[in-house]
Amino acid sequence: MGALDQNYTLECVMDALSAMRIGAACTEAELHQLAAETLRRAGIEARHEVKLAPRCRIDFVVGDIGVEIKKKRPVASALAAQLARYAACDEVRELLVLAPRGVNLPRTIGGKRVTMMGLERLWGISLP
(Lines give C-alpha, C1' and ligand atoms only; values in the text may rest on other atoms or scores of the structure.)
Protein backbone atom coordinates (compact mmCIF):
# COMPACT_ATOMS: atom_id res chain seq x y z
CA MET A 1 0.00 0.00 0.00
CA GLY A 2 1.44 3.41 -0.97
CA ALA A 3 1.67 6.51 1.19
CA LEU A 4 -1.34 8.06 -0.51
CA ASP A 5 -3.44 5.05 0.47
CA GLN A 6 -2.66 5.50 4.17
CA ASN A 7 -4.96 7.45 6.49
CA TYR A 8 -2.58 9.12 8.91
CA THR A 9 -3.80 11.67 11.42
CA LEU A 10 -1.93 14.87 12.08
CA GLU A 11 -1.55 13.81 15.71
CA CYS A 12 0.05 10.50 14.66
CA VAL A 13 2.58 12.31 12.47
CA MET A 14 3.32 14.91 15.16
CA ASP A 15 3.77 12.20 17.81
CA ALA A 16 6.26 10.40 15.59
CA LEU A 17 8.20 13.58 14.77
CA SER A 18 8.28 14.64 18.42
CA ALA A 19 10.68 11.72 19.08
CA MET A 20 13.21 13.35 16.75
CA ARG A 21 16.17 14.99 18.50
CA ILE A 22 18.21 17.56 16.66
CA GLY A 23 21.23 19.70 17.39
CA ALA A 24 21.27 23.44 16.90
CA ALA A 25 23.96 23.04 14.22
CA CYS A 26 21.92 20.54 12.22
CA THR A 27 21.38 21.55 8.57
CA GLU A 28 18.01 21.51 6.82
CA ALA A 29 19.14 18.52 4.73
CA GLU A 30 20.03 16.68 7.94
CA LEU A 31 16.61 17.58 9.35
CA HIS A 32 15.00 16.03 6.28
CA GLN A 33 17.02 12.86 6.75
CA LEU A 34 16.16 12.68 10.47
CA ALA A 35 12.48 13.27 9.77
CA ALA A 36 12.42 10.54 7.11
CA GLU A 37 14.18 8.07 9.44
CA THR A 38 11.95 8.98 12.39
CA LEU A 39 8.76 8.52 10.38
CA ARG A 40 10.02 5.23 8.94
CA ARG A 41 10.88 3.90 12.41
CA ALA A 42 7.33 4.80 13.51
CA GLY A 43 5.94 2.75 10.61
CA ILE A 44 4.74 5.83 8.76
CA GLU A 45 5.18 5.97 5.00
CA ALA A 46 6.36 9.37 3.82
CA ARG A 47 7.30 10.61 0.38
CA HIS A 48 10.16 13.11 0.28
CA GLU A 49 10.49 16.16 -2.01
CA VAL A 50 7.09 15.66 -3.62
CA LYS A 51 6.30 17.68 -6.72
CA LEU A 52 2.69 18.78 -6.23
CA ALA A 53 2.55 21.07 -9.28
CA PRO A 54 5.00 22.89 -11.54
CA ARG A 55 7.47 24.84 -9.35
CA CYS A 56 5.71 23.49 -6.26
CA ARG A 57 7.69 20.89 -4.29
CA ILE A 58 6.91 20.13 -0.63
CA ASP A 59 9.38 18.48 1.75
CA PHE A 60 7.19 15.49 2.69
CA VAL A 61 3.74 14.10 2.03
CA VAL A 62 2.43 11.68 4.63
CA GLY A 63 -0.90 10.32 3.44
CA ASP A 64 -2.64 13.59 2.62
CA ILE A 65 -0.67 15.70 5.12
CA GLY A 66 1.93 18.04 3.67
CA VAL A 67 5.00 18.57 5.88
CA GLU A 68 7.32 21.54 5.36
CA ILE A 69 10.56 21.94 7.36
CA LYS A 70 12.35 25.23 7.89
CA LYS A 71 15.64 25.25 9.82
CA LYS A 72 15.91 29.02 9.98
CA ARG A 73 13.06 31.34 10.89
CA PRO A 74 11.37 32.15 7.57
CA VAL A 75 9.65 35.39 6.68
CA ALA A 76 6.02 34.65 7.57
CA SER A 77 4.57 36.23 4.41
CA ALA A 78 6.90 34.23 2.14
CA LEU A 79 6.13 31.00 4.01
CA ALA A 80 2.39 31.71 3.86
CA ALA A 81 2.66 32.22 0.08
CA GLN A 82 4.58 28.94 -0.24
CA LEU A 83 1.97 27.11 1.85
CA ALA A 84 -0.83 28.64 -0.24
CA ARG A 85 0.68 26.97 -3.33
CA TYR A 86 0.69 23.64 -1.49
CA ALA A 87 -2.83 24.17 -0.17
CA ALA A 88 -4.10 24.71 -3.72
CA CYS A 89 -3.20 21.08 -4.50
CA ASP A 90 -5.90 18.45 -4.00
CA GLU A 91 -3.28 15.94 -2.80
CA VAL A 92 -2.84 17.92 0.44
CA ARG A 93 -5.64 18.00 3.06
CA GLU A 94 -3.69 19.83 5.76
CA LEU A 95 -0.22 21.23 6.41
CA LEU A 96 2.31 20.70 9.19
CA VAL A 97 5.21 23.14 9.44
CA LEU A 98 8.32 22.40 11.51
CA ALA A 99 10.07 25.72 12.08
CA PRO A 100 11.60 27.83 14.82
CA ARG A 101 9.14 29.45 17.20
CA GLY A 102 7.93 32.92 16.43
CA VAL A 103 6.62 32.26 12.93
CA ASN A 104 3.02 33.44 12.97
CA LEU A 105 0.80 31.87 10.34
CA PRO A 106 -2.96 31.77 9.87
CA ARG A 107 -4.69 28.65 11.22
CA THR A 108 -5.92 27.91 7.71
CA ILE A 109 -4.53 28.73 4.29
CA GLY A 110 -6.54 28.05 1.17
CA GLY A 111 -9.13 26.26 3.30
CA LYS A 112 -6.52 23.81 4.64
CA ARG A 113 -5.56 23.60 8.32
CA VAL A 114 -2.01 24.76 9.13
CA THR A 115 -0.29 23.47 12.26
CA MET A 116 3.06 24.73 13.53
CA MET A 117 5.49 22.49 15.41
CA GLY A 118 8.43 24.31 17.03
CA LEU A 119 11.86 22.91 16.29
CA GLU A 120 13.10 24.07 19.69
CA ARG A 121 11.13 21.34 21.42
CA LEU A 122 13.12 18.76 19.45
CA TRP A 123 16.52 19.88 20.74
CA GLY A 124 18.33 17.78 23.29
CA ILE A 125 18.02 14.17 24.35
CA SER A 126 15.04 11.86 24.09
CA LEU A 127 14.15 9.95 27.22
CA PRO A 128 12.21 6.67 27.15
Side-chain angles (χ1 to χ4, degrees):
M1 186 179 293
L4 288 177
D5 300 324
Q6 295 290 335
N7 257 342
Y8 297 109
T9 65
L10 179 68
E11 292 73 23
C12 170
V13 175
M14 288 180 70
D15 283 349
L17 291 174
S18 69
M20 200 168 69
R21 289 298 173 262
I22 62 172
C26 190
T27 67
E28 193 163 316
E30 290 168 328
L31 281 175
H32 284 217
Q33 182 178 1
L34 284 169
E37 290 171 7
T38 300
L39 291 168
R40 182 187 47 75
R41 278 195 307 270
I44 296 174
E45 294 181 49
R47 294 184 299 143
H48 185 235
E49 297 291 341
V50 177
K51 185 175 182 178
L52 296 172
R55 299 185 57 173
C56 184
R57 184 180 311 269
I58 194 166
D59 293 335
F60 291 94
V61 173
V62 180
D64 57 3
I65 300 167
V67 179
E68 184 66 17
I69 300 174
K70 298 293 184 192
K71 168 64 177 166
K72 296 181 180 174
R73 182 170 296 136
V75 175
S77 60
L79 179 56
Q82 181 180 12
L83 296 174
R85 291 191 300 275
Y86 301 154
C89 300
D90 291 337
E91 189 172 343
V92 174
R93 176 179 48 90
E94 60 188 311
L95 296 159
L96 173 62
V97 180
L98 276 75
R101 282 185 300 199
V103 179
N104 295 319
L105 293 171
R107 291 179 188 228
T108 62
I109 295 177
K112 313 272 175 93
R113 181 170 74 160
V114 176
T115 303
M116 291 292 298
M117 185 173 177
L119 284 176
E120 289 85 354
R121 68 183 277 191
L122 303 178
W123 290 341
I125 59 171
S126 178
L127 301 174

From [atom1] ([X]) to [atom2] ([Y]), nearest 0.5 Å:
X	Y	atom1	atom2	result
Glu94	Asp64	CD	CG	7.0 Å
Leu79	Ile109	CG	CD1	7.0 Å
Arg47	Asp59	CZ	CG	13.0 Å
Met116	Glu68	CE	CD	10.5 Å
Leu83	Thr108	CG	OG1	11.5 Å
Asn104	Ser77	CG	OG	12.0 Å

How close do [X] and [Y] get, counting heavy atoms only, and between which atoms?
X	Y	value
Ala16	Ala42	CB-CB, 3.7 Å
Ile69	Ala35	CD1-CB, 3.9 Å
Val13	Tyr8	CG2-CB, 4.1 Å
Ile44	Cys12	CD1-SG, 3.7 Å
Val62	Ala46	CG2-CB, 3.7 Å

Whether His48 and His32 hold their rings parallel, tilted or perpendicular, with breakpoints at 30° and 60°: perpendicular
Beyond-backbone contact of Val50 with Glu91, side-chain heavy atoms, under 4.5 angstrom: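 In short, these two side chains touch, coming nearer than 4.5 Å.
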Do Glu30 and Lys71 have side chains that get closer than 4.5 Å, going by heavy atoms?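 No - every pair of side-chain heavy atoms lies 4.5 Å or more apart.
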Is the backbone of Tyr86 close enough, under 3.5 Å, to the side chain of Lys112 for a donor and an acceptor to pair up by distance? no
Please lay out, stage by stage, how Leu17 and Leu39 fare under the test side-chain contact (heavy atoms from CB on, under 4.5 Å). CA-CA 7 Å; Leu17 291 174; Leu39 291 168; 3.9 Å; yes
Starting from the C-alpha separation in whole Å, work towards a yes-or-no answer on side-chain contact (heavy atoms from CB on, under 4.5 Å) for Leu10 and Arg113. CA-CA 10 Å; Leu10 179 68; Arg113 181 170 74 160; 3.1 Å; yes
